[in-house]
Structures are given as structure tokens and as C-alpha cells.
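Quick notes on the structure that follows.
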Amino acid sequence: MVSRQCSRLVSSRTAVPLTSYLTRVGRPYSSAAPAYEHILTSTPKPGVGLITLNRPKALNALSSPLFKEINDALSKYEDDKEIGAIVITGSEKAFAAGADIKEMAPLTFSAAYTNNFIAPWSHLANSIRKPVIAAVSGYALGGGCELALMCDIIYCTTGATFGQPEIKLGTIPGAGGSQRLTRAVGKSKAMELILTGKNFSGAQAEQWGVAARAVEGGHAELMAEALATAETIAGYSRVAVVAAKEVVGKSQELSLKEGVEYERRLFHALFGSRDQKIGMTAFAEKKKPEWSNE
């Protein structure tokens, strides 16, 4: 959840302006969308909502105000029947370089504990049922790594930099990093990464199962891949997609026996949906299904 070290580590090359990128890839989310201060929203593909972190001077360092906006945008996409998948990204230089040290440094135990500090950061993992893809370029350190790990799928560039360097500031991950990273890479590797604060590359993230895909090239190539996958997902039955996300998520919480039983019950339940009938009938008739999302 740490960003300060990145100000010394990041190269001086100029990132592609986010506003110009969004102008190219899609329209604003809606004419009624709020004027966010720390993020940008758009719908660059049919059925795809895009959230772009937009604190370039702070390398997209995460803060409570920023997460309030992320949560608001996520909730709006969740409620929008036209949206079937969501992508979260940053800039070419930084997905999110960590949490905002200025916000955290003065906190006391009683203040952090009583106010349940950073608990709202878990809204993505706890409340969003639609699939969310993290598209990671540059630095995803501390809270930035944790934000990516909260997403259902991670795409990254091979040169992206992940890490949980909290140990270097005398603290530990606080937004799920110790739990989700361990589930992705195993106990021994997670212990090494968290206890040493070592970073790992996007290429390693793919090799270790943290990321689904590491893309050669820059941010533009990454976004093309992530948005294409999001568009594919958004093109399927929303009922089946939500169910599929739910059963995979349960695999991280239940025993194998319990998970298989849970999956079977939801599988049976889908025979009550219109889309199951539409999909199987279309397959039998060799037609493209026209989903009702019911």
C-alpha cells in the first residue's frame, strides 16, 4: 500500500495523456455522469465500462477520496443493464504506485480501527457481481497490487512492476494483499515477496498465475487486449456470466467438495433461465443466440 519509493524509481519518460487516450477509445460513460476528480470513465466497447485512475502527478496513488469515486463508478456500472464487464486501468507509467502516504502517516491505531480505515476499498471484491479486468502497465505496488488482485482477471504488460513493499515502511498489506497474493502464488513465494518487499515483473506475474496474460508492448497494446476480452464477456448472457464469476469465486472460499456442490446447485438453477433455453436451442439450430439476459 506504499507509493513514496516509486517517485524515485519511475523513469522520466512521458506517459500518454489519459484524456487523449479516452478521446480515442470511447465516449464518456454518460452525459449524466458525475465530474470525477481522480478518475475518468468511458464505454469504449459495447457493453464495456472503463475506469481510468487519473492522478498522474501522484502516480495514481490510492486514497480514500479516489476509492470513493472508484466505488461510485463501479456501482453505476453494476446497475447499468447495458454494461456486461468492467475494466480498471491507470497510465503507462503507473497502474497505481501504492497508497497515499500523506493520508496514512498521521493515523493512530484508534483512528484507523474505529473508522475501519480502507474497509471501503473492498467494495470491488465484496459487492460487484459483474466481471472486472485489471489492465496493468507500469507500477502496481502496495495498494495498487492489491487493487489489481481484487479484480477477477489481470492483464498486464510484460514490463509491469508488481509488489507488496509495505514491510519497508514498518507495516504490512492491509487491503487483502497477504491473502490474495498467497492464493495466487502459494505460501512460500508470498512469504518471500511480502517479507522482503521485493518486486516482480509482469512476465513473472503471468508465470506465477497472478496475471492471466502478460502482453508484449505498451499500454495501447495492453488496452486492446483487455477491452477485447471484456467485450467478449459482455457479449454473453449476463445471467450466465454472473453465475460463472460466482462459482469461480467460491472456489477460493470453500473446500473442493463444498465448491462442487455449490457449482452444481447454481448449474441446476440456470435451467430456470430464459438464456439457457435460448443458448441451447441456438446451438442445436446452429444459430447465433440472441440473449435476453433473463
Side-chain angles (χ1 to χ4, degrees), residues 1-3 5-26 39-40 42 44-45 48-62 70 85-98 124 131-165 177 180-181 184-185 189 193 197-233:
M1 296 162 48
V2 186
S3 65
Q5 67 167 343
C6 292
S7 63
R8 300 192 297 268
L9 295 174
V10 176
S11 68
S12 59
R13 61 183 178 176
T14 302
V16 177
L18 291 170
T19 51
S20 64
Y21 171 74
L22 288 173
T23 299
R24 294 197 302 271
V25 301
I39 65 172
L40 301 170
S42 65
K45 296 282 187 179
V48 178
L50 175 63
I51 298 172
T52 303
L53 308 188
N54 188 34
R55 295 187 70 198
K57 293 182 180 179
L59 298 178
N60 293 330
L62 303 174
I70 291 175
I86 303 164
V87 176
I88 298 178
T89 193
S91 67
E92 185 162 9
K93 186 177 290 185
F95 175 73
L124 164 59
V132 182
I133 299 174
V136 179
S137 296
Y139 289 91
L141 300 179
C145 186
E146 290 172 305
L147 174 58
L149 288 168
M150 289 181 208
C151 296
D152 302 301
I153 300 170
I154 298 176
Y155 279 12
C156 62
T157 59
T158 55
T161 301
F162 294 86
Q164 298 288 166
R180 295 188 178 94
L181 186 61
V185 303
K189 179 59 71 175
L193 293 169
K198 289 181 178 178
N199 296 337
F200 57 98
S201 69
Q204 289 173 313
E206 182 185 42
Q207 293 168 9
W208 297 344
V210 175
R213 188 177 305 176
V215 177
E216 296 284 351
H219 192 64
E221 289 78 12
L222 169 69
M223 291 306 298
E225 293 280 352
L227 292 173
T229 296
E231 184 178 18
T232 296
I233 293 169

ask   = Got more than 12 heavy atoms from elsewhere within 6.0 Å of CD, E221?
value = yes
Test log, rule side-chain contact (heavy atoms from CB on, under 4.5 Å), inputs I88 and I133 = CA-CA 6 Å; I88 298 178; I133 299 174; over 6 Å; no
inquiry  = Looking at T158 and G202, would you say the former's side chain and the latter's main chain have a donor-acceptor pair under 3.5 Å?
reply    = no
ask   = For R213, does its backbone N or O pair with a side-chain atom of E206 as donor and acceptor, under 3.5 Å?
value = no
query = Which atom names give the shortest non-hydrogen contact between A135 and V87, and what distance separates them?
reply = CB-CG1, 4.2 Å
Please set out all donor-acceptor pairs under 3.5 angstrom arising from side-chain atoms of residues 226-233, sequence neighbours excluded.
| from | atom 1 | to | atom 2 | distance (Å) |
| --- | --- | --- | --- | --- |
| T229 | OG1 | Y155 | OH | 2.7 |
| T229 | OG1 | E225 | O | 3.3 |
| T232 | OG1 | A228 | O | 3.1 |

key: side chain to side chain donor-acceptor pair (under 3.5 Å) against K198, all qualifying residues, sequence neighbours excluded   = none
inquiry  = Rounded at 0.5 Å granularity, tell me how far CG in L62 sits from CD1 in I70.
reply    = 6.0 Å
request  = Any chance you could measure T52, atom OG1, to I39, atom CD1, to the nearest 0.5 Å?
outcome  = 8.5 Å
query = Parallel, tilted or perpendicular: which describes the rings of F162 and F200, with under 30° parallel and over 60° perpendicular?
reply = parallel
remark   = Those residues at least two apart in sequence (or on a different chain) that pass side chain to side chain contact (heavy atoms under 4.5 Å, CB included) with A211 are I154, C156, A205
remark   = Correct closest heavy-atom pair for A134 and A148 would be CB-CA, 4.0 Å
query = Which atoms form the tightest heavy-atom contact between A94 and N60, and what is the distance?
reply = O-ND2, 2.8 Å
ask   = For L53, which of T89, L147, L40 qualifies under side-chain contact (heavy atoms from CB on, under 4.5 Å)?
value = L147
